[in-house]
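Below is one structure, written out as structure tokens; comments come after it.
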Amino acid sequence: MRIGYYPGCSLLGSSREFDESTRAVLKALGVELEQVPDWNCCGASSAHILNHELSLALPARILALAEQAGLTEILAPCAACSNRLLSAQQELEKHPELKAAIEKAIEMPYQGTVKIVNILEVLDRLKDRIAEKVKAPFTKHVASYYGCLLVRPPRVVNFDRPEDPQSMDLLLKAVGATPVEWPFKTECCGAAFSVTRTDIVAKLSGKLVKDAVNRGADAIVVACPMCHSNLDLRRAEINDYLQKEYAIPAMFITQVIGLALGLDPRDLGLHRHMVPVEFTETAGVQS
Amino acid sequence: MAEPFEPKITAFVCNWCTYAGADLTGTSRIKYQSNVRVLRVPCTGRIDYMMVLKALHKGADGIIVSGCHPNDCHYTSGNYHARRRWMVFKKMMEVMGVDMRRITFSWVSAAEGARWAQLVNEVTDQVRALGPYSEFRQIVGAGIE
Amino acid sequence: MSRIGVFTCHCGENIGATVDCAKVAEMCKDIPGVAYSVDYKYMCSDPGQRMMQEAIKEHKLDGVVVAACSPRMHEPTFRRAVANAGVNPYMCEMANLREHCSWVHEKGEATTHKAADLIRVLVEKIKHNEPLFPIKVPVTRTAMVIGGGVGGIQVALDIANGGHKVVLVEKSPSIGGHMSQLSETFPTLDCSQCILTPRMVEAAQHPNITLMTYSEVEKVDGFIGNFKVTVRKKARKLDEKLCTGCGLCIQKCPNKKISDEFNEGLGTRTAIYVPFPQAVPNKPVIDTLNCTFYKTGKCKVCEKLCPTGAIRFEQEDELVTLDIGAIVLATGFKLMKTDVFPEYGYGKSKDIIDGMQFERLASASGPTSGVMKRPSDGKEPETVVFIACSGSRDRSKGVPYCSKICCMYTAKHAMLYKHKVHSGKAYVFYMDIRAAGKDYDEFVRRAIEEDDVKYIRGRVSKIYEEDGKLVVMGADTLMGGEPVEIRADMVVLATAVQSNEGSEELAQTLHVSYDTYGFFAEAHPKLRPVETNTAGIFLAGACQAPRDIPETVAQASGAAAKVVGLFSNDELTREPIVAVVNRLPAPAYSHCVGCFLCLSACPYQAIEQEEIKSRSGEVIKTLARINPGLCQGCGTCVATCRTKAIDLQGFSNEQIYAELMTL
Amino acid sequence: MANTYQLSRESLTSLFGALRKDGRRILAPVESDGRIGLGEVEAPAQVAGDYLQTIMSAKEVAFPKVERLLSYTITPGQVDLKDAEPKAAPTVLFGVRPCEAKAFGALDAVFNWDYRDKFFNARLEKLAVIGLSCTKADEACFCTSVGGGPADTAGSDILLTPVADGYLAEVLTEKGTAILNLASDLFKPGNGVDKVAVAAKVEAAFDQPALTAKLPGMFDSEVWVDQSLRCIGCGACAFVCPTCVCFDIQEEADPKQGERLRCWDSCGFHMFTLHASGHNPREVQSARWRQRIYHKFSYYPQRYDQLGCVGCGKCTRACPVDMNLKEHLTEAAGVTA
Amino acid sequence: MEALKQRAIELLEKGEVKAVLGYAKGTGQARRAFFARQPGQVDKLVLDEACTQNLAAYATKHEVKKLGRVAIVAPPATQRALIQLMAERQLRDGDLAILAVDEGAIKELGSAAALEEHLALKAQGLDAKDKTLLAKLDAMSREDRWAYWQNEFSRCMKCYACRNSCPMCYCEHCTMDCNRPQWVPVASHSIGNLEYHMVRTMHLAGRCVECGDCGRACPVGIPVHLLTISAEETVHELFGQRAGAKAKLDYALSTFKTDDKESFIR
């Protein structure tokens, strides 16, 4: 199996471990990734609020490049990236006149034929292979955290169900974990305020962390770099806000699967986390 | 100099919406061109496509088929059946090469008196601009020794 | 050769000022078949009509074209005038010179010519008109009302009081419907059962009403005035004549832990039971799915104890066929379940309940005797959140329509709660408050202003349980979308009103239309709201769309008036503008080939199957037949028929063809 | 009066030129999308090359599928009736097969039986037939079984038979002589070629006189039922047939005007004999199929002293369900009464 | 083939059918419909590429019905026609023994349900030649298309071979035979031919099983099957319904959806 790959900016910066673990796990599962050549920013956090044409042109260029490279399908592990790519693709399909304008702007033809998939979709296809290859079952209680962008808006992403999604839970079960019943699967972590309003992040993400721990989770598993940085990078602020010391790690789904497949934690970038990924008796427990 | 061309327009309308709408045009004293001849039937569901073909056969340059808006049919669903029939009929006529600019399908309700006048005027002007439907008229009487 | 008279009306200046009527009358004389043509100032005036009648007699006219105003205006007038002159009224047609000509065109040659054209078309049509006669259909003066809720009871009482027999069919063991489950009713807060029970009793005792409870309609044949309805009387396992309703069997039934439907699962009942103490009839039924005897073959405690020996374990369902003249559907609604909302935890929490469950909690006859106790642990809830529009006006998960009654009952619930728990806090999340109705908005204002119910305009995005509380997360859109979080003890979802269980199947049995949501379709949304498009079948209440009690009752009386009107004649007279399948001598019998492609084209289910049999009874041919009692004359079947076997009287193929040939 | 000449292939061009100069249109088999039909030509090059037969027969030249008989207009108090005048242009039918040329005799028998049909005769009078002998035949052909042959002269005014580098031309009638006189220099003296040797070989399949003789006794034979079970009752056979003459009279009118048309009809249609009462004397397809055979092979000889079939096989080729006339006649001829 | 013959002999010998309707050798390379009425005639049956006629057209014929129960050799298009005839109540379930032929294999289908199930597994595709012609027509300007059909129809003589060969044209009294009023002129002049083909097309829209027999039947080679096929395809595209799929009537032109999508009604 060979698939196009669009890492996006976060996976080269703050979430290098997502990129590393994705590559490592997919390699272990026999999937070859072919990076989209000369890719650019998808415009995720700001373009669509500031300049409509730009917010279409940026993803269109990526998709056009993928078309030129002969790719029929690309994996965008970052939930924000895949969301943007999908939104732009659908809008251009609906409005041919926009498509013509955008083609002019990006100076290349754009057909809109490339299928965009997120990491859960890819892993889901490989579920049987994953289950076969599990060496060290991840026998922990986990809270699967999907965040806002993976499953919403449903008309755009058309993936899993918008309330109480299941795909990640099922994957985690496949590697031996026990997902906890958790009402916050798609609650907002405060993503966009990660830098500007850490107080809001502390409040929103704090709620997530606290409830995950209360429900007996040993780890929060994510599939979005923004979610991860809020839950991990901003843990100090969260703990300050909650006046607790929550040590529950936030892990990427690819890292969890990587561990279950017996990959080297370093190859999965586990050492890069702010909240150490340790599962001692007290790891998840507040102190 | 020849007489200026005045198109012959035949309209098939349902009794409850478009015919009543055209009545309202009258009571509102809204003027429109007099080329149209209206044929009243109970419902668009009654409008057999044969009627449209016969109107063309008899030299109509333009045809209007009109009835109640969807969901407003006096008979609940006659217009829905008519709509399907027209959808297929239109495609068939296109395949045959008939000039479909000459056949106008429309919904005009009993409250849309002004709309009826506008429709008739638009169709009349459009067909006048297209000229007589000579392509069709030519085949009438052809093929006889 | 036809002898047609053409009568051109000036309508004063209305036609005369624009159309040269004298010239038109002159032109019409030249049309072959026209025996007489004249113009007159006011054709519809008495002298006008008299002149016409005299001309008919004098010139022996057999057809009349009145060139005047719209047939939608005066066709009945002139048809009557023609009939009085001894000519069949359907031999009269009207050319619309006023609305379609003089009022919409400028004065001139072209307009006068158009007027003559309009007449010419109808002269040719009339040559193909045939005398038509009103259709008479006999009427059986017994009505059937399906559904014994407040709507059905009202219909039955109104018809019965009008002097006609009524059969009231109810599928559950007692009449009363949802209204009997309600605690109090908005906007007066009077006790629901107190106002309903007398009506139930009245219905049961009315000499003109036959109650058939625990019964369901199985099959409907026939047509308006002449239905044959087969009803399945489900076995109560009890001889109703012997049972006195003493209730001993119920007291002694050992199987007491069965979830109680009447209490919406909040209480329990026995295997032999009456749904509620005021049930009418007050005769129990045995729930064979839960009865120990039917499960194990042992027990029969009730049989042993019954003082009158009324228990009949061997009793079977019974099929009864009745002759019925009109049917009224009053089958009511159901509420959407709480388990369809993932964001509210699929209703897994016992303390997230629906509106009907709240009614039972608040009802003095309910499982808590009207004391506010939450279902999970029986504690008095200190904070209750009510969520309106749960599933209503929700395109993605629920139904797109407004359920209409929730705004009002939510206000009522919040009020009732506050009356019972004075220190409690009540919050209502709403989208809009739709309180249109007499004293309705005042009622909602009272809840807000006097009973201090907190109304928050916004949706609830999530409910989760935490530390024995239900955390309700929502937004207050009037505060700029500020997130709101309420820690509640109980949440009441005003779930959407939906069409009742089995309504689509029932609609198919009765051949009435229904909408996408399973509500029965009225014949016309504005002008015929209590009729279906199947003649002789009427609608009342929430089976047509969400309705509250007063609307249901009003509609019920409306439907009853329709039935009583129908029953006021021995025969039903109908316009002969109906479709007819042609009949021919043997061996063809008809041009109909029996493909029945017309069947689904008929909006009125008027097309039936007719078998032509030989003398020995062998079926030679199967044809379509159009029931003139049901046909409304739209002509959709006519256009569908490939062999032109079906034709529409009054708008026949020959008539329309003749008109077209004149154009 | 047959005079035999030699006509070179090249001289046809000149002959066509002379005919056209004389004001005659030339109709000949032409090809369009693989279909051979009669069409107007100016030069021999336009004539289809290697054809067996046209799909339709030549009868439409004298008996078109739709022709106007009369028309009228209605004005107040008056009907103006106008007889139609047949459009009969001087025409040369070039290259038709001997079977079809012969068929004009069968048409003539009907149209001039008890009434001289103005329309048919007007067209026939202006028509000259230059036939072309067959050098090949197919399974449908059976001219030799019905008294004809691949080089039969009946019905042709001139019959051409292809020989080495041109044609053997037999000038058979006055009309033929008139054509010869238009370009007499093209017609070289004949050299006595045996045309039978070059003509197609068509074996006689059945004994037609014997069949004709026994038909009156076979009316109720099962053979008609068996044969016609697969007949779908269309009119293809009758309409392509060079001798079928049945027609229907149709009136097309509106309140102002009308016209009366003569249209081809077919005895194969169930409506053909349907009475207004609903009774149909030929209710089943077998009766209609039998009628077709009897008309051509029994009633025609009785009435006109000739057959109503020339064995061209067009009906067999046109039939959508492969009703092979030769085969069915052979079968009928073999039935022991 | 041998299996077919064997089964045919069995059916006839056991008296389960009065005839086996299949194909036999005809004139030259042609194949024709053949009714094997005795076991001894079964040997005449053939089955090959040249067997194209849709034998379902015979299923509604009086003469054939009178024979008694018949077994019918049915390639896919014939199967579709048979099921559509059942939907239109011209055949009853079980009236015929259906010997379904698919790529040479024979399968006897006893009931409408079995036929439905069998057909559901088959993809229905158009002939490559027809596809090309349809595309050609589609690409023409409207005027050219008009001219194309007018030229083709000028050959038409209303022999009704297209109608009579069609399994769905079973009406005893066809619209063409209606004379009160005479909607379509009897005469085979230009307008008469045009209206005939328009009406035939409309009558088969939603009912055409796309066997192409009408086109094959035309003695003058007018591709009339393209008309009904394109109408049927239109119906399928617009409403998702297909003729010859279900034994229960689902006629696109006598049903509707309230949200049927069109863009031309003003």
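Just the heavy atoms: all of them, side chains too, but no hydrogens, waters or symmetry mates, feed the values below. Remember, predicted model here, so these are calculated numbers, not experimental data.
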Portion of D/M56 that has a non-hydrogen atom of chain E nearer than 4.5 angstrom: side chain

NZ/D/K118: more than 12 non-hydrogen atoms of other groups inside 6.0 Å: yes

Should we count NZ of D/K201 as having more than 12 external heavy atoms under 6.0 Å? yes

Got a donor-acceptor contact below 3.5 angstrom from the D/H270 side chain to the E/E172 backbone? yes

To the closest 0.5 Å, what do you measure between SG (E/C159) and CZ (D/F269)? 6.5 Å

Output the residues of residues 226-242 of chain D for which the shortest heavy-atom distance to chain E is under 4.5 Å, in residue-number order; output 'none' if no such residue exists. D/D226, D/S228, D/L229, D/R230, D/C231, D/I232, D/G233, D/C234, D/G235, D/A236, D/F239, D/V240

What are the two closest non-hydrogen atoms of E/G221 and D/R35, and how far apart are they? O-NH1, 2.9 Å

All heavy atoms of E/G28 vs all of D/E139, minimum pair found to be CA-OE2, 3.2 Å

Check whether any side-chain heavy atom of E/V186 sits under 4.5 Å from a side-chain heavy atom of D/E251, and report yes or no. no

From E/M157 atom CE to D/E60 atom CD, the distance as rounded to the nearest 0.5 Å: 9.0 Å

Chain D: which of E/C174, E/A161, E/G192, E/C162 shares the most heavy-atom pairs with it under 4.5 Å? E/A161

Heavy-atom pairs under 4.5 Å with chain D - which of E/R163, E/R37, E/K61 has more of them than the others? E/K61

Say you draw a straight line from CG of D/D33 to CG of E/N151; how long is it, rounded to the nearest 0.5 Å? 8.0 Å

Between E/R155, E/R31, E/Q182, E/H173, which shows the greatest number of heavy-atom pairs under 4.5 Å with chain D? E/R155

Heavy-atom pair of closest approach, residues D/V321 and E/R32: O-CB, 4.0 Å

Considering all heavy atoms, the nearest D/K65-E/S154 contact: NZ-O, 3.1 Å

Closest-packed option against chain D by number of heavy-atom pairs under 4.5 Å, given E/V64, E/L21, E/D177, E/L67: E/D177

Would you find a donor on one side and an acceptor on the other, under 3.5 Å apart, between the side chain of E/E63 and the backbone of D/Q285? yes

If I measure from the heavy atoms of chain D, does E/C214 come under 4.5 Å with its side chain, its backbone, both, or neither? neither

What part of D/D248 lies closer than 4.5 angstrom to a heavy atom of chain E: side chain, backbone, both or neither? side chain

For residues D/Q250 and E/H189, is any side-chain donor paired with an opposing acceptor at under 3.5 Å? no

Atom NZ of E/K158 and atom SG of D/C263: how far apart are they, to the nearest 0.5 Å? 8.0 Å

Output for pair (D/E283 CD, E/H62 NE2), nearest 0.5 Å, gives 7.5 Å

E/A57 versus chain D, heavy atoms under 4.5 Å apart: side chain, backbone, both or neither? neither

Taking side chain as everything from C-beta outward and backbone as N, CA, C, O, which of these in E/Y160 sits under 4.5 Å from a heavy atom of chain D? Side chain, backbone, both or neither. both

State, to 0.1 Å, how close E/P219 and D/I55 come at their nearest heavy-atom pair, and which atoms those are. O-CG2, 3.2 Å

